Structures are given as structure tokens and as C-alpha cells.
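Input: a single structure, listed below in C-alpha cells.
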Amino acid sequence: MGIEQWVYQSLDRPDLHVQGTVISDINSPAHIDWINQEGDSSGAMVAASRKSIYVRGGCHAAGLAHYLKQGNRHVVEEQNFCRDGVSIRIDHSQLFHDSIFGLTGERLAWISKLGYRKEDFATKFDDMTYDVYVLNFSVDALYATYSYQDGATRYPFPECHAIMTENFSQGEHHDQNKFLDDAFRNVASGDFHYHAPDPDYFENCLRSILSRIPEESFLFILLGAERFLNHENEVENVSTHIPFNRKIMELTANRKNTFLLHIDDYVKERSDQTDREHFGRMVYYRLYRTITEVISADAPAEKTEAPALHEA
């Protein structure tokens with residue numbers, strides 16, 4: 001786990017003569033960045049550990065939940081999962097919306113053609129009023145959706161390609177995975193209609209979701225990345241998330257106790273970011289520290305200023 005190496009590095013690697021057979025190599029050059037000494041902020045961590053927290057989202061939420069669960073038995077985590085080797089993206093706003101408001105039999109019938117099941121919409125969202133809600137909707141900007149026949153409701157195709165904006169309703173797509181092959185065949189049947197990622201559609205889903213989160217609770221939403229620090233340490237602008245981030249900012253502008261966390265602001269060095277959508281553990285640790293400091297304060301804030309958008 002790196003504990004021995006971290007302690008040894010913290011002591012500035014004093015002379016140490018190892019005797020006998022040991023499991024851990026304390027002289028390992030690896031940088032141990034997942035262990036930290038809390039110091040003066042430990043009181044905030046203790047106060048935060050008494051809060052009930054609901055976390056839902058993709059990779060970002062999973063990275064945050066790892067830290068939020070440390071010493072806190074009141075964290076509910078709902079994350080994406082794999083079925084038959086395929087990722088079911090419950091972090092999409094439409095799936096979250098229907099988990100909260102319920103599914104009709106008619107809707108369940110047609111989304112089952114995409115591979116969804118009734119149990120994919122199980123949630124603990126309504127089990128209680130949580131002290132804190134942590135949400136992430138980055139996937140809405142990255143995935144195309146499909147509506148059925150003349151219906152208005154849109155669903156993402158289960159994750160199967162690196163680029164999920166491709167139109168699977170046109171042409172022939174096949175896969176050795178039967179789950180995917182059946183979904184490809186169904187979506188190309190002529191009954192499904194393709195839609196590119198749509199900020200306006202996302203806005204409608206998010207508005208309904210926010211209506212079910214009490215303003216007396218803390219709400220944190222992680223905004224999608226708008227910058228990428230490449231291998232040459234040059235900052236590249238990423239426009240994908242900007243219109244969706246704007247929708248989040250507009251809808252939460254007048255909400256109490258709502259905090260928008262721009263993940264770009266927590267990237268401090270090149271190693272913090274693996275690609276345009278994925279980040280290292282220290283980014284999530286820094287986000288965790290921000291959240292715990294806010295929720296451990298004596299009185300909730302009446303309003304928060306959303307971070308400024310970076311120019312694309």
C-alpha cells in the first residue's frame with residue numbers, strides 16, 4: 001500500500017540497514033501521492049464524516065467517493081457498472097431522471113432493446129434526505145442518444161466504442177459480444193432515431209433532478225473539463241463540455257448551498273491528468289478537501305459563485 005515507503009520518504013530517507021527478508025522495498029523510487037498527513041484540517045474531516053452523503057456519477061464521482069468513504073459510514077455511492085462486458089452509464093442524466101421519477105412499462109420495453117433492465121434504475125436517492133449530494137454529468141456531453149419511433153425521450157447507447165457520438169442507427173455494426181450485437185441490430189431496425197449530445201435536452205433532465213434535491217442540503221456538481229495539459233505541458237482547450245457546463249451554471253445560479261467544482265482548477269501538474277476526461281487521484285483528493293471544508297463549516301453558505309468558464 002506504500003505506507004512504509006511514504007514514512008521513509010517523509011523522514012528524508014535516513015540511513016537504514018534492512019535485516020532479514022522483508023515484503024516491502026522502502027527504497028522504491030515511486031512517488032507515494034495517495035497518502036497525506038492531514039495536520040490542522042483533521043477537524044474538518046471529522047465533522048464531515050458525520051454527514052450523510054449521496055454520490056452519483058462516473059469516474060469523477062468514483063474517485064471522490066473513495067475519499068469521502070474514509071471514516072464515514074453514511075456514504076451512498078451509485079456508480080456505473082459492467083454487464084456482459086459492457087458499461088452501463090447510469091451517470092447519464094436521463095437514467096438518473098428515470099431512476100428518480102420511475103419508468104413506464106412502455107418505456108422499459110423499448111429501452112430494453114438497447115440492453116437496459118429494470119434493475120438498472122434501482123436507487124437509494126429517495127431513501128432519505130441526505131446532508132450532501134455530489135453529482136457528475138460529464139457523460140451527457142460525450143454520448144449520442146436515441147429516441148424510439150415518435151417518442152421524445154432519449155437514451156444513450158451502452159458504452160462500446162471510444163467515441164460514443166457515432167450514429168449506430170445507420171449502417172451495419174456487429175460485435176462478438178452478443179449483448180452489443182443484439183443492441184446494434186435493434187438500434188438499426190429503423191425504429192430508433194439518432195441525436196447528437198444536446199445541451200437543451202440535458203437542461204430539461206437536470207431541471208427535474210434538481211427539483212428533487214432540497215436546497216437545505218449541500219449540492220456539489222463536478223463540471224466537465226475544458227482544458228487538457230498535454231505531454232508537452234501545453235494547455236489545449238476542450239470545447240465539448242462548455243455548453244453543458246453553462247446549462248448547469250444557469251440552472252443553479254439562484255440555488256442555496258450549491259457549489260460547482262471545475263475539475264480543471266484542481267489540476268496542478270501534468271501527472272494529474274491522464275487524458276481529456278480522466279484524472280489522477282490527487283485531483284480527487286483536492287476536490288475532497290474542498291468539499292469537506294465546505295460541509296464542515298458552522299453555517300451553510302447562502303449562495304456560491306460558480307467558477308468562471310475557461311475560454312474555448
Side-chain angles (χ1 to χ4, degrees), residues 56-59 79-123 136-209 224-225 238-248 275-278:
R56 185 177 176 114
C59 298
Q79 305 292 349
N80 302 328
F81 61 91
C82 285
R83 180 167 57 241
D84 298 327
V86 178
S87 180
I88 305 299
R89 300 300 301 254
I90 69 166
D91 55 336
H92 194 279
S93 65
Q94 183 65 61
L95 273 79
F96 190 17
H97 175 279
D98 285 354
S99 295
I100 297 172
F101 293 93
L103 282 169
T104 63
E106 180 182 7
R107 183 174 299 179
L108 182 59
W110 73 258
I111 64 174
S112 67
K113 298 177 185 294
L114 296 177
Y116 294 105
R117 300 175 183 173
K118 184 177 181 180
E119 56 264 31
D120 298 343
F121 299 88
T123 181
N136 171 231
F137 299 101
S138 296
V139 70
D140 281 74
L142 304 174
Y143 279 48
T145 54
Y146 297 84
S147 57
Y148 183 69
Q149 295 181 347
D150 295 327
T153 302
R154 306 174 187 179
Y155 261 77
F157 196 88
E159 185 173 87
C160 58
H161 287 192
I163 300 175
M164 287 300 298
T165 53
E166 184 175 354
N167 187 350
F168 299 130
S169 68
Q170 295 181 349
E172 290 190 9
H173 301 269
H174 298 282
D175 198 280
Q176 293 180 342
N177 184 314
K178 187 179 184 303
F179 177 98
L180 279 178
D181 202 54
D182 288 345
F184 280 137
R185 185 178 63 255
N186 290 333
V187 83
S189 65
D191 287 328
F192 286 85
H193 305 285
Y194 168 88
H195 304 273
D198 184 349
D200 292 328
Y201 187 87
F202 166 69
E203 179 182 15
N204 291 330
C205 286
L206 181 59
R207 181 181 288 108
S208 296
I209 292 168
V238 182
S239 61
T240 313
H241 294 288
I242 290 178
F244 292 82
N245 287 346
R246 284 204 180 104
K247 292 297 184 184
I248 295 173
D275 59 36
R276 287 173 172 79
E277 302 296 334
H278 298 94

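This one's a predicted model, so the numbers in the text were calculated from it and none came from an experiment.
At a threshold of 4.5 Å between non-hydrogen side-chain atoms, the residues Leu114 and Val187 count as touching. Between Ser208 and Phe96, the closest side-chain pair of non-hydrogen atoms is not below 4.5 Å. For the pair Arg276 and Thr240, the minimum side-chain heavy-atom distance is 4.5 Å or more. Using a 4.5 Å heavy-atom cutoff, the side chains of Asp198 and Phe202 are not in contact. Ile111 places a side-chain heavy atom less than 4.5 Å from the side chain of Phe121.
Atom OG of Ser93 and atom NZ of Lys247 lie 13.0 Å apart (nearest 0.5 Å). Note that the SG atom of Cys59 and the CD atom of Glu277 stand 9.0 Å from one another [nearest 0.5 Å]. Taking NE2 of His92 as the reference point, atom CE of Met164 lies at 10.0 Å (rounded to 0.5 Å). Interatomic distance, Arg154 CZ to Tyr201 OH, rounded to the nearest 0.5 Å: 6.5 Å. Atom CD of Gln149 and atom CG of Asp191 lie 4.5 Å apart (nearest 0.5 Å). Distance NZ/Lys178 to CG/Asp84: 9.5 Å, rounded to 0.5 Å.
Between Tyr146 and Phe192, the ring planes are perpendicular. Angles over 60° get that label, and only those under 30° would be called parallel. Using bins of under 30°, 30° to 60° and over 60° for the plane-to-plane angle, the ring pair Phe157/Phe184 lands in the parallel bin.
Side-chain N or O atoms of Asn245 include one that pairs as donor or acceptor with a backbone N or O of Gly224 at under 3.5 Å. Between the side chain of Arg83 and the backbone N or O of Phe179, no donor-acceptor pair lies under 3.5 Å. A donor-acceptor pair is defined here as one N or O able to donate and one able to accept, closer than 3.5 Å; no such pair exists between the side chain of His173 and the backbone of Arg185. Although no hydrogens or angles enter the test, the distance criterion places a donor-acceptor pair under 3.5 Å between the side chain of Asp181 and the main chain of Asp175. Under a 3.5 Å cut-off, the side chain of Arg89 and the backbone N or O of Leu95 do not form any donor-acceptor pair. In this structure a side-chain-to-backbone donor-acceptor pair under 3.5 Å is present from Asn80 to Asp91.
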- request: Apply the test side chain to side chain contact (heavy atoms under 4.5 Å, CB included) to residues Gln94 and Thr145: give CA-CA distance (whole Å), side-chain angles for both, the deciding distance (0.1 Å), then the verdict.
  value: CA-CA 10 Å; Gln94 183 65 61; Thr145 54; over 6 Å; no

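Annotation: Phe137 is not in aromatic contact with Phe244 [ring centroid separation under 6.0 Å not met].
Residues meeting the side chain to side chain contact (heavy atoms under 4.5 Å, CB included) test with Asn186, sequence neighbours left out: Lys113. Checked against side chain to side chain contact (heavy atoms under 4.5 Å, CB included), Ser138 has the following partners two or more places apart in sequence or in another chain: His60, Asn136, His241.
Under the side-chain contact (heavy atoms from CB on, under 4.5 Å) rule, Tyr155 has a single partner from Tyr148, Tyr143, Trp110, which is Trp110.
A pairwise comparison of heavy atoms in Asp140 and Pro197 identifies O-CB, 3.6 Å as the closest pair. The heavy-atom pair separating Phe168 from Ala188 by the smallest distance is O-CB, 3.9 Å. Taking every heavy atom of both residues into account, Gln79 and Gly58 meet most closely at OE1-O, 3.3 Å. Between Ala109 and Ser112, the shortest heavy-atom distance links the atoms O-OG, 2.5 Å. When all heavy atoms of Leu108 and Arg117 are compared, the closest pair comes out as CD1-C, 4.1 Å. His161 and Glu166 make their closest contact through ND1-OE1, 3.2 Å (heavy atoms, listed as atom of the first residue, atom of the second, distance).
Remark: Glu119 CD is packed, more than 12 non-hydrogen atoms of other residues, nucleotides or ligands lying under 6.0 Å away. Summarising the local packing, CG of Asp150 is surrounded by 12 or fewer heavy atoms from other residues, nucleotides or ligands at distances under 6.0 Å.
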